[in-house]
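Everything below concerns the one structure shown next.
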Amino acid sequence: MKFVRFLVPVLLLFAFACKKDKNKIKACGVDNPVENLAWLKKAVDSMNTRKMPGDIGLLTFEGQDYFNIQPLLMSCYACYIYRCDGTQLVHPADSALMRRIRMDSPDHFKVIARFGY
């Protein structure tokens with residue numbers, strides 16, 4: 001009987017330890033883009049080195065993934081939006097796209113990582 005009392009908690013421990021990661025992020029065709037996209041990893045590492053806190057947001061807009069690197073010290077929301085290849089959306093060339101992203105879905109950036117904490 002003592003063996004059964006010991007076995008049940010052990011089995012429960014294994015059952016919960018084997019849960020799948022529901023928070024797995026996939027973007028730009030890769031799992032865990034913050035670690036697997038070199039340019040994004042470099043940006044996060046740079047912010048961590050400077051101890052500048054902030055968030056990395058992910059948004060899929062019209063079938064394309066975009067990242068918003070948002071240092072908390074910046075008051076400009078969605079000013080640092082990047083494509084999957086690491087190119088930043090810039091004025092004036094991307095003004096229309098940036099405006100549409102900001103107006104259509106400014107609150108839809110899903111925070112996928114935090115840095116500088």
Side-chain angles (χ1 to χ4, degrees):
M1 193 64 165
K2 288 182 182 181
F3 179 73
V4 172
R5 279 192 266 175
F6 172 76
L7 185 61
V8 171
V10 170
L11 290 175
L12 286 173
L13 178 67
F14 280 117
F16 286 110
C18 295
K19 263 181 20 180
K20 287 187 176 180
D21 184 9
K22 292 181 183 178
N23 296 325
K24 192 176 213 180
I25 303 295
K26 184 168 185 159
C28 301
V30 298
D31 290 328
N32 193 3
V34 175
E35 289 294 320
N36 294 321
L37 293 176
W39 69 268
L40 190 55
K41 181 172 178 26
K42 184 177 178 181
V44 170
D45 289 346
S46 173
M47 297 291 188
N48 282 330
T49 299
R50 293 186 281 168
K51 297 196 185 326
M52 182 179 292
D55 302 324
I56 303 289
L58 171 66
L59 169 73
T60 300
F61 182 77
E62 293 185 354
Q64 297 292 322
D65 291 327
Y66 296 93
F67 296 96
N68 179 32
I69 300 177
Q70 183 66 46
L72 294 182
L73 300 175
M74 299 293 211
S75 61
C76 180
Y77 180 74
C79 283
Y80 300 100
I81 302 174
Y82 295 84
R83 292 183 176 93
C84 288
D85 64 0
T87 58
Q88 183 177 2
L89 299 185
V90 294
H91 292 289
D94 296 311
S95 295
L97 176 59
M98 291 176 76
R99 187 171 34 259
R100 287 184 61 211
I101 288 173
R102 287 185 191 143
M103 291 176 66
D104 290 349
S105 52
D107 297 325
H108 296 345
F109 278 102
K110 177 183 177 185
V111 174
I112 61 169
R114 299 193 185 279
F115 53 81
Y117 289 97

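Below, all heavy atoms of this structure are taken into account, side chains as well, without hydrogens, waters or symmetry copies.
Using cut-offs of 30° and 60° on the angle between ring planes, the pair Trp39 and Phe67 is perpendicular.
Between the CD1 atom of Ile25 and the CD1 atom of Ile112 there is a distance of 6.0 Å, given to the nearest 0.5 Å. Between the CD1 atom in Ile81 and the CD atom in Gln88 there is a gap of 9.0 Å [rounded to 0.5 Å]. Taken from CG in Asp65 to OG1 in Thr60, the straight-line distance is 4.0 Å, to the nearest 0.5 Å.
One hydrophobic cluster, built from ILVMFWY side chains closer than 4.5 Å, cannot hold both Val111 and Phe61; they sit in different ones.
Leu97 places a side-chain heavy atom less than 4.5 Å from the side chain of Tyr66. Proximity of Ile69 to Leu40: side-chain heavy atoms (C-beta onward) are separated by under 4.5 Å at one or more points.
For Asp45, the salt bridge (charged side-chain N to carboxylate O under 4.0 Å, His left out) partners are Lys41, not counting sequence neighbours. Take Thr87 and apply the side chain to side chain contact (heavy atoms under 4.5 Å, CB included) test, not counting sequence neighbours, and it matches Arg83, Asp85.
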Run the side-chain donor-acceptor check on residues 26-36: report pairs under 3.5 Å with partners two or more places apart or on a different chain.
from  : atom 1 : to    : atom 2 : distance (Å)
Asn36 : ND2    : Asp31 : O      : 2.4
Asn36 : ND2    : Asn32 : O      : 3.4

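Closest heavy-atom contact between Met47 and Phe115: CB-CD1, 3.2 Å.
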